[in-house]
Amino acid sequence: MMDSLLASASRSEDEDSSAGNKRSLPQGSGLVPKRRSSSRFIKRKKFDDELVESSLAKSTSRARGPSGGEPGRYSGSEPSSSEKKKQVCKAITTPAPPSPAPSPSIAKRIKKSKQPLQVTKDLGRWKPADDLLLINTVLQTNDLHAVHLGVKFSCRFTLNEIQERWYALLYDPVISKLACQAIRQLHPEVIAAIQSRVLFSKAEEQLLSTVSSASQPTLDTFQDLLNKHPEVFYMSRTAKSLQVHWQLMKQYYLLEDQTVQPLPKGDQVLNFSDAEDMLDDSKLRETRDEVLEHELTVADRRQKREIRQLEQELNRWQVLVDSITGMSSPDFDTQTLAVLRGRMVRYLMRSREITLGRATKDNQIDVDLSLEGPAWKISRKQGVIKLKNNGDFFIANEGRRAIYIDGRPVLPGSKWKLSHNSVVEISGLRFVFLINQDLISLIKAEAAKVIQP
């Protein structure tokens, strides 16, 4: 116990002496002042994670060995990151005399702060593909103005921006290094696509213009040009690319054997309005097309026939569908034989026979049950309701599922008589069948008159 007290007392004396030495140092020496702190070890219980961290710290300190640190600095009193930054900034800004050299730890921190920027730094509007295209095109044409007019970059750059970028790639080592590192990361297919977009130089177009415009050159002709002049053509040129560019030059009369006709010389140059006045309107009239007129006549006749048929069928509609509202409207009129009343709509039966089911594009029926609710289980032709001469209504099931009449199932292929207020259920959809008794009694009376001799 006495030994530990003596050791702590000696440490405090050493710290006091070192603090006095720090105060006696001149202000312009440039050395970083040491932070006074106590190295007394406070015993307390450690958690599991602290035990692991302390063991790792001890192992790393043994592996590194003595760091030759500054006097008065202990491992237990390591300054924080903010204090380190302040010390480094103070050491850089304060002019240091030539005699004392900075400690190794300070020099290491200064060296880390002066490291170059990351390669992944944003290069601005200029992408690696733009830089590669700019370099290859300028090396091929040696003309920045032609590059500005003929090259399509990822952004619309002005001539001044292209010049500044080219000079930066030439003379700025930081930008040049970043651009080269980014270009090396491009995919080979991207590089090949960029190289195929390089402009043609004047020497290349001069060789292509030697091919006659009257001839029909093949790919072998342009391949011979590539083999004869490999030093003129760009390395990524192919026979196909030369042929496409030659055809473009031929289209704009840029070949050697092609000449452009000059404009007519005279006092007055013919403009658009004068040329329009010279046109003869009688010559511009279209000739009579008998085939077209016959087709238009046939189409007009067909449409009139369809309209006439619809007008004739207005009085013979078999079923009318009315939406049910809160207002109580009469269910029958002088033409309605019966009503199939649902929750949403009601179907008016105005003929002696109607078909029930689900309407589709290819199948048109009288009563579309999908207007009432979900009808995906209902057949396209589910059933038929008929009125016989004696005034009785019968329903025939012609679908795949059963129809329930007042709770009794009517199987496919079977028939059942419908009475007034009968409940018809088809695949979960319920209807009430209502009969116009007055009209049915009249029909029965007429039928009895016909039967009597």
Side-chain angles (χ1 to χ4, degrees), residues 113-211 213 217 219 222-223 225-256 258-260 263:
S113 64
K114 291 184 178 181
Q115 287 181 354
L117 299 175
Q118 298 281 340
V119 181
T120 58
K121 181 183 177 182
D122 186 14
L123 299 178
R125 296 172 60 198
W126 287 90
K127 303 298 186 293
D130 296 334
D131 290 334
L132 180 60
L133 184 58
L134 175 63
I135 293 170
N136 291 337
T137 310
V138 173
L139 293 178
Q140 185 66 15
T141 60
N142 298 324
D143 189 357
L144 288 176
H145 187 69
V147 172
H148 173 250
L149 295 178
V151 177
K152 184 177 181 181
F153 295 100
S154 61
C155 298
R156 188 181 295 275
F157 297 109
T158 61
L159 180 59
N160 188 21
E161 291 175 343
I162 293 175
Q163 291 177 352
E164 290 179 356
R165 186 62 179 182
W166 175 249
Y167 295 148
L169 292 174
L170 285 179
Y171 304 116
D172 194 333
V174 178
I175 295 179
S176 178
K177 183 178 179 181
L178 292 174
C180 292
Q181 290 178 356
I183 289 172
R184 291 191 192 100
Q185 296 178 0
L186 291 176
H187 196 271
E189 295 182 358
V190 178
I191 296 176
I194 293 172
Q195 291 177 351
S196 64
R197 295 164 52 193
V198 175
L199 296 179
F200 280 78
S201 63
K202 294 181 179 180
E204 291 176 326
E205 291 184 346
Q206 186 67 27
L207 289 175
L208 288 176
S209 63
T210 58
V211 181
S213 61
L219 293 178
F222 297 104
Q223 188 63 40
L225 276 178
L226 285 175
N227 297 334
K228 291 179 182 178
H229 306 280
E231 71 282 355
V232 177
F233 290 101
Y234 187 63
M235 58 181 179
S236 64
R237 302 290 188 219
T238 59
K240 183 64 177 177
S241 63
L242 294 183
Q243 185 182 23
V244 172
H245 194 72
W246 178 84
Q247 293 174 353
L248 190 63
M249 293 177 64
K250 179 182 177 181
Q251 180 182 355
Y252 291 100
Y253 295 91
L254 298 177
L255 301 180
E256 288 183 353
Q258 288 180 324
T259 57
V260 181
L263 293 174

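Note that these values count all heavy atoms, side chains included, but never hydrogens, waters or copies made by symmetry. Bear in mind the structure is a predicted one, so any value in this text is a computation, not a measurement.
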Hey, does [Y] have a side-chain heavy atom less than 4.5 Å from the side chain of [X]?
X: L208; Y: H245; answer: yes
X: R197; Y: T137; answer: no
X: I135; Y: I183; answer: yes
X: Y167; Y: I175; answer: no

What distance separates [X] [atom1] from [Y] [atom2], expressed to the nearest 0.5 Å?
X: H145; Y: I162; atom1: NE2; atom2: CD1; result: 10.5 Å
X: E256; Y: M249; atom1: CD; atom2: CE; result: 8.5 Å
X: C155; Y: R125; atom1: SG; atom2: CZ; result: 5.0 Å
X: Q243; Y: L219; atom1: CD; atom2: CG; result: 4.5 Å
X: L169; Y: C180; atom1: CG; atom2: SG; result: 7.5 Å
X: S201; Y: L139; atom1: OG; atom2: CG; result: 12.0 Å

*Could you give me the CA-CA distance, side-chain angles and deciding distance for V190 and L132, then say whether side-chain contact (heavy atoms from CB on, under 4.5 Å) is met?*
CA-CA 10 Å; V190 178; L132 180 60; over 6 Å; no
Closest non-hydrogen atom pair, [X] against [Y]:
X: T238; Y: L226; result: C-CD1, 3.7 Å
X: S209; Y: L254; result: CB-O, 4.1 Å
X: T141; Y: V147; result: OG1-CG2, 3.9 Å

*Do other residues, nucleotides or ligands put more than 12 heavy atoms under 6.0 Å from the CD atom of Q247?*
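Yes, the 6.0 Å shell around CD holds more than 12 heavy atoms from other groups.
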*Flag if over 12 foreign heavy atoms under 6.0 Å of NE2, H229*: yes
*asked:* If you apply the rule side-chain contact (heavy atoms from CB on, under 4.5 Å), what do you find for F200 with L242, and how did you get there?
replied: CA-CA 10 Å; F200 280 78; L242 294 183; 3.6 Å; yes
*W126 vs F157 aromatic rings, parallel, tilted or perpendicular, using cut-offs 30° and 60°?*
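Rings of W126 and F157: parallel, under 30°.
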Side-chain donor-acceptor contacts of residues 230-237 below 3.5 Å, not counting sequence neighbours, with atom names and distances?
{"residue": "Y234", "atom": "OH", "partner": "N136", "partner atom": "ND2", "Å": "3.4"}
{"residue": "S236", "atom": "OG", "partner": "Q195", "partner atom": "O", "Å": "3.1"}
{"residue": "R237", "atom": "NE", "partner": "E204", "partner atom": "OE2", "Å": "3.3"}
{"residue": "R237", "atom": "NH1", "partner": "V198", "partner atom": "O", "Å": "3.1"}
{"residue": "R237", "atom": "NH2", "partner": "V198", "partner atom": "O", "Å": "3.3"}
{"residue": "R237", "atom": "NH2", "partner": "L199", "partner atom": "O", "Å": "2.8"}
{"residue": "R237", "atom": "NH2", "partner": "E204", "partner atom": "OE1", "Å": "3.2"}

